[in-house]
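Any value given below was found using the heavy atoms of this structure, including those in side chains, with hydrogens, waters and symmetry copies removed. Values in this document were obtained by computation on a predicted structure and should not be read as measured data.
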Amino acid sequence: MRPTFQQIGEAAYYRWQRRGFEHGRHEVDWLSAEQELLFALNYQLIANHRLDGLPSRFLGREANPRCRFCEGSAPRASFTEPRLVLPRSLGNTSLFSHEICDDCESLHQESVGDHLDEFIKSINQGEGEVKSFEPVAAFKGLARAALAIIPERELQYFEDAIEWVSNTDHDLDSRTIGGLDCFLHALPEPSSFSWIALARRIEADEPFPYLLAFFGTGQHVFQIAMPLCVRDEDLEVSWIVPRASSPFGVGRGPVESRLKIVPLASVARRLKLIAS
Ligand SMILES: [Zn+2]
């Protein structure tokens, strides 16, 4: 569903009002309002967690857990301890999962975790302390975090994505999958806490990706569309990704945020992906 001219006009007016009726940003307000509405009219939140400043919380069953990534359960798979669902580099200190087995944890850590950490560092700190990383592995790290928190009823649509995330051959398929961009929203003020949110498309036949994942930490919101979802089989190449700096409703995001699209499809090691 597309927003009407009137809906965009009202949302743009509201942005202008929130900025104290400052002139000269009319076009930016209009385009941002259109993207906010495109998201709000076509998506619903299906998961939303704060990641720090709270006592630890645990997803999944503690008794007889089953791994989300290899479908192993005890005694074939071992679950020594609950695992962080996404890394500390994305601000997570308190959200854990019982549904990641020891083998998948160490496999992912080695195959994608370090790359994601270095990618986040390259955004937050510039090149200073950053080691090189593979962009597509960093993308898989974000996708892996989304799959770790997605409600169980949705997992059935992501079998291929789960397999892809766990595949250590990053060259395989990465060039042909498409849509491996990270939408990086830079906010004017750092967020007071880190968060993760997932939103799913409401209607089956709209040209938007089925699942969008958002990661908020510090002054950035990282947004990705999950590839390889069976609900997207008819769209693939021609999908449109609504660029929302906040998944929490029209007018809930910052008035000023800058967007950069960071392509992460490459397997060639990089130090930094965006010019500041
Ligand atoms: Zn596993």
Side-chain angles (χ1 to χ4, degrees), residues 11 14-20 22 25 28-29 31-33 35-36 39-40 43 45 47-57 84-96 113-131 133 135 138-139 141-146 148-149 181-199 212-225 241-264 270-276:
Y14 181 54
R15 294 179 77 89
W16 183 47
Q17 188 181 45
R18 285 169 71 205
R19 254 187 312 100
E22 175 201 343
R25 305 299 302 275
V28 174
D29 279 342
L31 294 173
S32 303
Q35 291 295 320
E36 264 188 337
F39 174 79
Y43 284 87
L45 274 182
N48 172 19
H49 300 278
R50 182 173 167 170
L51 301 173
D52 56 11
L54 293 175
S56 296
R57 279 154 311 131
L84 282 173
V85 294
L86 63 164
R88 287 177 203 283
S89 56
L90 280 167
N92 185 27
T93 55
S94 57
L95 188 62
F96 295 82
D114 296 343
H115 296 277
L116 176 57
D117 289 347
E118 295 303 323
F119 167 56
I120 306 292
K121 255 196 249 173
S122 79
I123 303 275
N124 287 340
Q125 304 169 9
E127 281 173 41
E129 303 286 306
V130 180
K131 296 183 213 130
F133 59 92
F139 187 99
L142 293 172
R144 186 246 193 201
I149 70 153
D181 292 331
C182 177
F183 294 75
L184 181 67
H185 305 271
L187 314 180
E189 305 281 336
S191 167
S192 53
F193 57 89
S194 297
W195 53 271
I196 179 173
L198 303 182
L212 299 180
F214 299 83
F215 309 85
T217 188
Q219 254 175 290
H220 292 105
V221 174
F222 300 78
Q223 178 192 349
I224 62 164
V241 181
R243 300 162 184 190
S245 64
S246 166
F248 303 118
V250 175
R252 301 289 298 274
V255 181
E256 301 286 348
S257 67
R258 284 176 295 116
L259 171 69
K260 280 177 180 160
I261 299 178
V262 186
L264 292 178
R270 298 282 296 275
L271 255 185
K272 203 174 180 201
L273 287 147
I274 50 169
S276 44

Rounded to the nearest 0.5 Å, what separates atom [atom1] in [X] from atom [atom2] in [Y]?
X: Leu259; Y: Leu31; atom1: CG; atom2: CG; result: 11.5 Å
X: Phe215; Y: Leu51; atom1: CZ; atom2: CG; result: 9.5 Å
X: Ser257; Y: His220; atom1: OG; atom2: NE2; result: 10.5 Å
X: Asn92; Y: Leu84; atom1: CG; atom2: CG; result: 5.0 Å
X: Glu118; Y: Ile120; atom1: CD; atom2: CD1; result: 10.5 Å
X: Leu116; Y: Leu86; atom1: CG; atom2: CG; result: 8.5 Å

Counterpart residues, side-chain contact (heavy atoms from CB on, under 4.5 Å), relative to [X] (two or more places apart):
X: Arg57; value: His49, Leu54, Ser94, Leu95
X: Ser56; value: Phe58, Phe96
X: Ala244; value: Phe39, Phe214
X: Asp52; value: Arg50, Thr93, Phe193, Ser194

Just by modelled atom types, is the [Y] backbone N or O under 3.5 Å from a matching donor or acceptor in the [X] side chain?
X: Gln35; Y: Arg243; value: yes
X: Trp195; Y: Thr217; value: no
X: Gln223; Y: Leu212; value: no
X: Arg144; Y: Gly113; value: no

Original post:
Which class fits the ring pair Phe222 and Phe119: parallel under 30°, tilted 30 to 60°, perpendicular over 60°?
Top reply: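 Judged by the thresholds at 30° and 60°, the geometry between Phe222 and Phe119 is perpendicular.
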
Of the non-hydrogen atoms in [X] and [Y], which two are nearest, and what is the gap between them?
X: Tyr43; Y: Pro242; answer: CE1-CG, 3.7 Å
X: Val241; Y: Ala225; answer: CG2-CB, 4.3 Å
X: Leu187; Y: Pro254; answer: CD2-CG, 3.6 Å
X: Ala213; Y: Leu198; answer: CB-CD2, 3.5 Å
X: Ala197; Y: Leu45; answer: CB-CD2, 4.0 Å

What residues form a side-chain hydrogen bond (donor to acceptor under 3.5 Å, both in side chains) with [X], not counting sequence neighbours?
X: Ser245; value: none
X: Arg258; value: none
X: Asp117; value: Ser89
X: Asp114; value: Gln109

**OP:** Inspect the surroundings of CZ in Arg252 and state if more than 12 heavy atoms from other residues, nucleotides or ligands are less than 6.0 Å away.
**Re:**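 Counting other residues, nucleotides and ligands, CZ of Arg252 stays at 12 neighbours or fewer.
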
Original post:
Of all residues at least two apart in sequence or in a different chain, which pass the ring pair (Phe, Tyr, Trp, His ring centres under 6.0 Å) check with Tyr14?
Top reply: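 Here no residue qualifies.
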
**OP:** Could you tell me which residues satisfy salt bridge (Lys or Arg N to Asp or Glu O under 4.0 Å) with Asp29, sequence neighbours excluded, listed by chain and number?
**Re:**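 Only Arg15, Arg19 meet the salt bridge (Lys or Arg N to Asp or Glu O under 4.0 Å) criterion with Asp29.
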
